[in-house]
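What follows is a set of notes on a single structure, which appears directly below.
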Amino acid sequence: MKDYLLGLYEKSMPNYLSWKEKLTCAKEAGFDFVEMSIDETDEKLARLDSKKSERFEIIKDIYEVGIPIRTMCLSGHRKYPIGSSNEAVREKSIEIMEKAIDLACDIGIRIIQIAGYDVYYEESNSKTKEYFLINLEKCVEMAAKKGVILAFETMETEFMNTVSKAMHYVNKINSPYLQIYPDAGNITNAAVLYNNCVFEDIKAGKGHIAAVHLKETIPNKFREIPFGTGHVDFENIIKTSWALGVRKYVAEFWYTGNENWMDDIKNARRFMDEKFKRALKEYA
């Protein structure tokens with residue numbers, strides 16, 4: 001039995017692939033599960049209104065291929081944030097959360113990674129922060145009822161770009177159904193920005209880190225940086241999070257039109273395998 005599970009981010013694969021093809025790609029590259037993306041596009045948000053028969057087809061694909069979908073990256077709240085000053089947008093955000101939880105229940109997703117934004121496309125202020133907390137409580141209540149864990153992604157904006165900032169809200173809500181799912185690249189960039197230690201920041205989430213996104217970054221750039229070309233210390237981030245009991249990880253990177261995208265996926269798995277091997281050598 002493996003000591004940890006490493007998932008593959010859905011957006012690392014071309015969007016034109018079927019779920020069966022995506023699951024097969026992940027399995028062939030050696031990954032253990034796939035993370036579903038529900039982003040702010042109409043296409044991805046429409047998944048929340050999929051029919052039971054469509055969800056059952058995904059379950060059949062999961063069992064036929066032999067690899068599950070165990071986490072969801074719910075970034076659709078960037079367009080419809082729970083802290084929006086617009087009441088209609090806030091209502092939409094709660095609707096999205098409720099439907100995401102139902103989808104998770106239907107196909108076996110255990111953790112929904114939620115965006116650590118009060119707002120994104122509008123200016124943050126005391127009112128948006130107030131709305132964020134009020135609606136966060138509602139979201140966690142819905143998740144608790146269904147037994148699904150919500151976990152904050154540490155983002156690229158000031159509002160929640162560190163584990164320590166995420167812990168402020170985790171402590172306020174104080175529920176087993178609200179945890180943290182940090183982004184290694186984003187917290188590394190924040191550590192540079194604030195001249196802090198990224199490993200100490202991870203330790204601030206002790207007992208509350210459900211999983212970790214392993215993503216590469218460089219200062220002031222947060223996505224589409226190839227593994228090994230940035231400044232993220234994956235080995236020590238893995239080592240630090242492992243010591244806190246984290247056993248679920250996801251390699252986060254993007255398909256950008258490269259015709260050799262399957263090679264990129266296999267290379268990402270090899271890259272991460274080496275990082276895990278070095279990080280966990282003392283536990284071998």
Inset, instruction - Please confirm whether the backbone N or O of Val163 pairs with a side-chain atom of Asp201, one donor and one acceptor, at under 3.5 Å? - result: yes

Legend entry - Close side-chain approach of Met72 to Gln113, heavy-atom, < 4.5 Å: no

Inset, instruction - State, yes or no, whether a side-chain contact exists between Arg247 and Leu5 at a heavy-atom distance under 4.5 Å. - result: no

Legend entry - Donor + acceptor pair across side chains of Glu40, His77 (<3.5 Å): no

Inset, instruction - Give a yes-or-no answer on whether the side chains of Tyr255 and Glu224 include a donor-acceptor pair shorter than 3.5 Å. - result: no

Inset, instruction - In plain terms, say whether Asp39 and Lys11 are close enough for a salt bridge, that is, a side-chain N and a carboxylate O under 4.0 Å apart. - result: yes

Inset, instruction - May I have the step-by-step check of side-chain contact (heavy atoms from CB on, under 4.5 Å) for Cys73 and Tyr9, ending in yes or no? - result: CA-CA 9 Å; Cys73 179; Tyr9 187 49; 4.0 Å; yes

Inset, instruction - Might you work through the side-chain hydrogen bond (donor to acceptor under 3.5 Å, both in side chains) test for Tyr120 and Thr157, ending with a clear yes or no? - result: CA-CA 9 Å; Tyr120 187 78; Thr157 59; over 6 Å; no

Inset, instruction - Quick one: closest heavy-atom pair of Thr188 and Ala184, and the distance? - result: OG1-O, 2.7 Å

Inset, instruction - Please report the C-alpha distance between Val212 and Ile209 in whole Å, then the side-chain angles of each, then the deciding distance to 0.1 Å, and finally whether the side-chain contact (heavy atoms from CB on, under 4.5 Å) criterion is met. - result: CA-CA 7 Å; Val212 172; Ile209 299 179; 3.9 Å; yes

Inset, instruction - Check for a donor-acceptor pair, side chain of Arg223 on one end and backbone N or O of Lys221 on the other, with a separation under 3.5 Å. - result: no

Legend entry - Lys138/Glu141 salt bridge by N-O under 4.0 Å criterion: no

Inset, instruction - State, without any angle test, whether Asp264 and Asn258 hold a side-chain donor-acceptor pair at a distance under 3.5 Å. - result: yes

Inset, instruction - Evaluate the side-chain proximity of Thr162 to Thr154: yes if any heavy-atom separation is below 4.5 Å, no if none is. - result: no

Legend entry - Contact check, side chains of Met36 and Ile107, non-hydrogen atoms, under 4.5 Å: yes

Legend entry - Asp42, CG atom: more than 12 neighbouring heavy atoms under 6.0 Å: no

Legend entry - Heavy-atom pair of closest approach, residues Pro81 and Val89: CD-CG1, 3.7 Å

Inset, instruction - In plain terms, say whether Arg47 and Glu10 are close enough for a salt bridge, that is, a side-chain N and a carboxylate O under 4.0 Å apart. - result: yes

Inset, instruction - Ignoring hydrogens and angles, state whether a donor on the side chain of Glu156 or Tyr117 is under 3.5 Å from an acceptor on the partner side chain. - result: yes

Legend entry - Gap separating the CG atom of Leu23 from the OG atom of Ser18, nearest 0.5 angstrom: 8.0 Å

Legend entry - Heavy-atom check, side chain of Ile173 versus side chain of Leu133, under 4.5 Å: yes

Legend entry - Residue pair Glu122 / Ser85, side-chain donor-acceptor N/O under 3.5 Å: yes

Inset, instruction - Quick one: pull up CG in Asn196 and OG in Ser164 and give me the separation to the nearest 0.5 Å. - result: 8.0 Å

Inset, instruction - Output, in order, the C-alpha distance, side-chain angles, deciding distance and verdict of side-chain hydrogen bond (donor to acceptor under 3.5 Å, both in side chains) for Glu87 and Tyr131. - result: CA-CA 10 Å; Glu87 184 178 0; Tyr131 286 137; over 6 Å; no

Inset, instruction - Decide yes or no for Ile149 and Ile112: does some side-chain heavy atom of the first lie under 4.5 Å from some side-chain heavy atom of the second? - result: no

Legend entry - Salt bridge Asp273-Arg269, side-chain N to carboxylate O under 4.0 Å: yes

Inset, instruction - State, without any angle test, whether Lys92 and Asn86 hold a side-chain donor-acceptor pair at a distance under 3.5 Å. - result: no

Inset, instruction - Measure the shortest side-chain to side-chain distance between Ile69 and Ile58 over non-hydrogen atoms and say whether it is less than 4.5 angstrom. - result: yes

Inset, instruction - Run the numbers on Asp3 and Leu280 for side-chain contact (heavy atoms from CB on, under 4.5 Å), then give the verdict. - result: CA-CA 10 Å; Asp3 292 331; Leu280 306 181; 5.6 Å; no

Legend entry - Test: Lys22 cationic atom under 6.0 Å from Trp19 six-membered ring centre, within 45° of axis: yes

Inset, instruction - With Lys248 as the cation and Phe33 as the aromatic partner, state whether NZ or CZ is under 6.0 Å from the six-membered ring centre and within 45° of the axis. - result: yes

Inset, instruction - Identify, with sequence neighbours excluded, every residue that meets side-chain contact (heavy atoms from CB on, under 4.5 Å) alongside Asn161. - result: Lys165, Ala190, Leu193, Tyr194

Legend entry - Check: Phe234 ring centroid to Phe227 ring centroid under 6.0 Å: yes

Inset, instruction - Work out which heavy atom in Leu103 is nearest to a heavy atom in Ser50; give both atom names and the distance. - result: CD1-OG, 4.4 Å

Inset, instruction - List in chain and number order the residues that pass side-chain contact (heavy atoms from CB on, under 4.5 Å) with Ser124, two or more places apart in sequence or in another chain; answer none if no residue qualifies. - result: Asp118, Val119, Thr128, Lys129

Inset, instruction - Let me see the working for Phe253 and Ile225 under side-chain contact (heavy atoms from CB on, under 4.5 Å), right down to the final yes or no. - result: CA-CA 8 Å; Phe253 58 105; Ile225 308 298; over 6 Å; no

Legend entry - Atom of Ile82, atom of Asn135 and distance for their closest heavy-atom approach: O-ND2, 2.8 Å

Legend entry - Polar contact flag, side-chain donor to acceptor under 3.5 angstrom, His231-Asn189: yes

Inset, instruction - Give the ring-plane orientation class for Tyr169 versus Phe159, where under 30° counts as parallel, over 60° as perpendicular and anything between as tilted. - result: tilted

Inset, instruction - Looking only at non-hydrogen atoms, find the nearest pair between Asp106 and Ile59 and report the distance. - result: O-CD1, 3.2 Å

Inset, instruction - Could you tell me if the ring centre of Tyr4 sits under 6.0 Å from that of Phe276? - result: yes

Legend entry - Residue Lys239 excluded, over 12 heavy atoms near NZ under 6.0 Å: no

Legend entry - Presence of salt bridge, Glu200 and Lys203, under 4.0 angstrom: yes

Inset, instruction - Look at atom CG of Asn260 and say whether more than 12 heavy atoms of other residues, nucleotides or ligands are closer to it than 6.0 Å. - result: yes

Inset, instruction - Say whether, by atom type as modelled, one donor and one acceptor occur between the side chain of Glu274 and the main chain of Phe271 under 3.5 angstrom. - result: no

Inset, instruction - Identify which one of Lys146, Lys145, Lys52 satisfies the salt bridge (Lys or Arg N to Asp or Glu O under 4.0 Å) criterion when paired with Asp102. - result: Lys146

Inset, instruction - Please answer: with hydrophobic residues joined when any side-chain heavy atoms are less than 4.5 Å apart, are Phe222 and Val192 in the same cluster? - result: no

Legend entry - Interatomic spacing from CG in Leu150 to CG in Leu136 - rounded to 0.5 Å: 8.0 Å

Legend entry - For the student: nearest non-hydrogen atoms of Phe31 and Ala251, plus distance: CE2-CB, 4.0 Å

Inset, instruction - For the residue pair Arg90 and Ser84, confirm or rule out a side-chain donor-acceptor distance under 3.5 Å. - result: no

Legend entry - Electrostatic pair Asp49:Lys99 at N-O distance under 4.0 angstrom: yes

Inset, instruction - Kindly determine whether Lys275 and Asn236 satisfy side-chain hydrogen bond (donor to acceptor under 3.5 Å, both in side chains), including the steps that lead there. - result: CA-CA 9 Å; Lys275 298 302 180 184; Asn236 283 308; over 6 Å; no

Inset, instruction - Give a yes or no on whether Lys20 atom NZ has more than 12 heavy-atom contacts from other residues, nucleotides or ligands under 6.0 Å away. - result: no

Inset, instruction - Indicate, with yes or no, if Leu74 and Ile101 share a hydrophobic cluster defined by side-chain heavy-atom contacts under 4.5 Å among Ile, Leu, Val, Met, Phe, Trp and Tyr. - result: yes

Inset, instruction - Please check if atom OH in Tyr121 has more than 12 non-hydrogen atoms from other residues, nucleotides or ligands closer than 6.0 Å. - result: yes

Legend entry - Heavy-atom side-chain contact between Pro226 and Glu216 under 4.5 Å: no

